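Source: prediction; values computed, not measured. Below, chains carry the letters A, B, ... as their sequence lines are ordered, and counting in each starts from 1.
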There are 2 protein chains.
Amino acid sequence: MRNVDKKDVPAVTVPRLALYLRKLRELRARGVERVSSKDLAAMIELNAAQIRKDFSYFGEFGTRGVGYGVQRLIDEISHCLGLDRSWNVVIVGAGLMGTALARYRGFGEQGFHLVGMFDRSETVIGASYGAGRVRSVAELEEFCRAEKVDIAMVTVPATEAEATIQHLAAIGVRAILNFAPVKVRTDVDVLVRQVDLSSELMSLSFYLDREQG
Amino acid sequence: MRNVDKKDVPAVTVPRLALYLRKLRELRARGVERVSSKDLAAMIELNAAQIRKDFSYFGEFGTRGVGYGVQRLIDEISHCLGLDRSWNVVIVGAGLMGTALARYRGFGEQGFHLVGMFDRSETVIGASYGAGRVRSVAELEEFCRAEKVDIAMVTVPATEAEATIQHLAAIGVRAILNFAPVKVRTDVDVLVRQVDLSSELMSLSFYLDREQG
DNA sequence: GAATGTGAATTTATTCACAGCA
DNA sequence: TGCTGTGAATAAATTCACATTC
């Protein structure tokens, strides 16, 4: 193990780890106990050396001549991704997208716990979203400190996204998943990842247009 | 203009074009008529040469010593992305995510027209989603041919995603935006882009974990 | 003088190919 | 023998730096 600190892990490796993890869990569910980089590579249409190299940034997880233990690999990758703890998540913006996310069960299973939901509008504050009630954004600061919120999913309208993210950053929320189609600059150091559906559609449009001439 | 056919445009350039387009529309809305690659680069925190090189795969859109006309650039990039036409889109899966997407106005403005929405479940078929009614997936094939559907957004449960995407591909839908957390292999040649929220959260987790040690 | 467009240089990512070990 | 782990080779993407044009 040379590279145990994550300093020089290529940016492209990180989302791939999530991909490997998903496929490995699928294999485990099917009762598979052992897998080679070659097999895994075939399943997700990738180069086998790529997979081995990605692992090599973190340690040696396999056995030469044999392959990888599925459960072992799941544990190792989970650890690499910081998933052997749970993270507290809030949703800011209780519109359609926000409530859709709130009701999705999948995140909790991965260790992302939805602890609160916030909105600016009086008409939705107090409404139930399954396991809780929508709170006023005025309560955000106190709530985030008290509940040790790690991640915010921002599903407010585009016009409010910048101010919302600045606010969250100032409050001390260190990571944001932003669904508004705006790239936000922040003075404070905060991780922002963008979920940009228009941009995805445009990429499809580009390749469709190329195909059709 | 050397590279008018899109054959050798780097994959990473395409989503950046969408990003430029958004910022340029924002500038236009503010009444800005001219912009330099340096200014644009500062706004989106990118290298200016990167922007110029991205454009250079398609042609020469600027004026030396002067810069770029905002409207001209919007038109050129729209053309590059295949956005000077409209695309017909369906949503398959009328759950929370599907209906949230259906009600979002933003796509229509970009030339992506929602023409239909489908589900397997009898309990939601016939329900209204704003501009139409949910149809049975049994009608998919006929509908897609009649309405010349270009793109499907797939928001069915993970367990049904693979079969749904195979079906859409067989029917002749050439591009899919998949919200289910499964990477799908298809025999037929179809463009699939993945919107993977768990994976995004895991990436945030990775970097958060690194910060906190 | 100012900013584009682009070869060349650099950096980053992927793939090859093989030594090392079960 | 079979598959990992990894330096070396290759490919891709980014950035530099400057000739070119307004």
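- In this structure, A:R34 reaches neither bases nor backbone, as no heavy-atom distance under 4.0 Å exists between it and the strands shown.
- Rounded to a whole Å, the CD atom of B:E45 is 13 Å from the P atom of D:dT15.
- Ring planes of A:F55 and A:F61: tilted class, angle from 30 to 60°.
- Under 4.0 Å is where a charged nitrogen must lie from a carboxylate oxygen, and between A:R22 and A:E26 no such pair does.
- Atom CD in B:Q50 sits roughly 16 Å away from atom P in C:dT11 (whole-Å rounding).
- Here B:T13 lies out of heavy-atom contact (under 4.0 Å) with every strand.
- Residue A:Y68 places none of its side-chain N or O atoms closer than 4.0 Å to OP1 or OP2 of C:dA22.
- Here the side chains of B:V9 and A:F206 are in contact, with some heavy-atom distance below 4.5 Å.
- A:M202 is not listed as a side-chain neighbour of B:L17, based on a closest heavy-atom distance of 4.5 Å or more.
- Rounded to whole angstrom, the span from the CG atom of A:N47 across to the C1' atom of D:dA9 amounts to 14 Å.
- In this structure, B:R52 atom CZ and D:dT21 atom P are separated by 16 Å, rounded to whole Å.
- When each of D:dA19, D:dT14, D:dA8 is scored by its nearest atom to the side-chain atoms of B:Y57, the top-ranked nucleotide is D:dT14.
- At the heavy-atom level, A:F55 lies nowhere under 4.0 Å from the strands shown.
- Remark: A:E76 engages A:R72 in a salt bridge, criterion side-chain N to carboxylate O under 4.0 Å.
- Rounded to an integer number of Å, the gap from NZ of B:K38 to P of D:dT15 is 17 Å.
- Close to D:dT4, at under 4.0 Å from its OP1 or OP2, lies a side-chain N or O of A:S37.
- Side-chain atoms of A:V12 lie closest to C:dT14 of the nucleotides C:dT14, C:dC18, C:dT4.
- Listed nucleotides D:dC22, D:dT6, C:dC21 differ in distance to A:A49; the shortest reach to its side chain belongs to D:dT6.
- Summarising the geometry, the separation between CD1 on B:I44 and P on D:dT14 is reported as 13 Å, rounded to the nearest angstrom.
- Going from atom CD of B:E76 over to atom P of C:dG5 covers 10 Å, rounded to whole Å.
- In this entry the distance linking NZ of B:K53 with C1' of D:dC16 reads 10 Å, nearest Å.
- Nearest to the side-chain atoms of B:E60 among the listed nucleotides C:dG5, D:dG2, C:dT14 stands C:dG5.
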